[in-house]
Amino acid sequence: MKTTLVLLSLLLAWPAAAEWFTEADLDTARELREAALQRDGGFEIVADLTTRIGPRMAGTEADAKAVAWAVETLTDIGFDRVWKEPVTFPTWERGFERVGVTAPVEQRFEALAIGYSPPTPEGGIEAEVVQFADLASLEAASPDEVADRIVFISNRMERARDGSGYGPAVQARSRGAIVAAEMGAVGVIIRSIGTSTNRFAHTGGMRFDVGQRRLPAAAISNPDADQLERLLELGEPVRLHMEIAAQKTEAYTSHNVIAEITGAKYPEKIVALGAHLDSWDVGTGALDDGAGIAIITEAARLILERDERPDRSIHVIYFAAEEVGLWGGRHWAEKHRDNFGNYQLGAESDFGAGQIYEIGARVSDEAWPVIEAIQAELAPLGIELGGRQAFGGPDFIPSLPYGLAVVDLRQDGTNYFDYHHTENDTLDKIDPEDLAQNAAAYAVLAWLAAQSSIDFGSGPGLIDNGQ
Ligand SMILES: [Zn+2]
């Protein structure tokens, strides 16, 4: 009895991390963290990608070049295995877009067609504009308010550290052209789903469903949307001209590119780090998602450079065709879902290069204390413990219904939507010190997840646990 009590009090006093990690593993995590902060977070990787390949829209020649670049880069770094998995998707080509007001004044607007927009007839369309505050107000309108007009959805994205302003505002982009088509409109213009007050329009995809009718649609810059609102307030009819020369082309096959550090003890068990290789066709995709490519690659490289190999394998996944509809992520989920019991976690870096401030995770109840122990090693980087709702990043969303455990390393996105999906997403927006903080966090996470004495609960058991 007495012995049990002594043992129990010893156990309670023992640092929690000792249950999950050896002292040597914790030392390695700390060394990885400090080593990462002495470097530039893989800045030369994103510099090389955005300089030698530049914009790399899924389905273009630059997409194929980026895949070849990825295989070469990952092979040169010295991963144990590098391979490609094919991903087929419908492609879309911008061509050009012209949007401008023709009455009561004449002015050209800074515009970008929305991905999967159909073209207008040659020469464009011209019609009176009708404004709606958001998608819900459009849905509530009567068809005769909308028929034969160009619908303008004017909702404004709110700036927030966690990017939470994006989700509500982006409805206008993803569904506006479909809803307006059903109501008899002829075209759709939206206020850019971004926070920049400069004259940069913000592109992005609309929902793609085979066979669904959509209208030609474009986003105009925030200052142009302000101007259009003021013109409408004058009370006279406002007419707009829009011409979009976009084309949907044939299905294209690109590749997810995967690199592995083979685990020494449990090579079949996998810690999966992700980022997406494709970008929009504007800017050079430096923040979205060249930064993520650099961060996860640098994190894995820090681990590769050590003498000891991790217990579990670590995968670095460059997903294909994220921007045009999560095609790489969807393909990966279908291909690997039957093996999710062997996946320790998925974590994607796809939110620019701002510093990480919080870790959240969707793992089993048993594994949550391991996440807490990992957070203790991330705390010196300024990373706090978040909650148990996590999605792992866009490319792991299709894996959630199959029970993949996921971790979010949440980045400060206060300024991200000033540049995201615009011509202004270029390399100069990345601070190497911020990139290094990110790489440090991913290296610690990947290493400790690979060394943990328990699994994180991936598989069917995690599907309906209410997390
Ligand atoms: Zn992205």
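Position 1 is the first residue of the sequence; numbering continues from there. Order of appearance sets the numbers: ligands from 1, and atoms from 1 within every ligand.
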Problem set entry | With D418, the side-chain hydrogen bond (donor to acceptor under 3.5 Å, both in side chains) member among N198, N424, T197, T195 | T195
Problem set entry | Residues that R312 engages under salt bridge (charged side-chain N to carboxylate O under 4.0 Å, His left out), provided they are two or more places apart | D455
Exercise. Can you tell if the side chain of F417 reaches within under 4.5 Å of the side chain of I193, non-hydrogen atoms only?
Worked result: no
For this session: With 2.8 Å as the limit, jot down which protein N, O or S atoms are around the Zn ion (ligand 1).
Result: H276 NE2, D288 OD1, D350 OD1, D350 OD2
For this session: Decide if the gap between the ring center of F396 and the ring center of Y402 is smaller than 6.0 angstrom.
Result: no
Problem set entry | Between R191 and N155: side-chain donor-acceptor atoms closer than 3.5 Å | no
Exercise. Taking Q355 as the fixed residue, which of L381, D434, D431 is the one that meets the side-chain contact (heavy atoms from CB on, under 4.5 Å) rule?
Worked result: D434
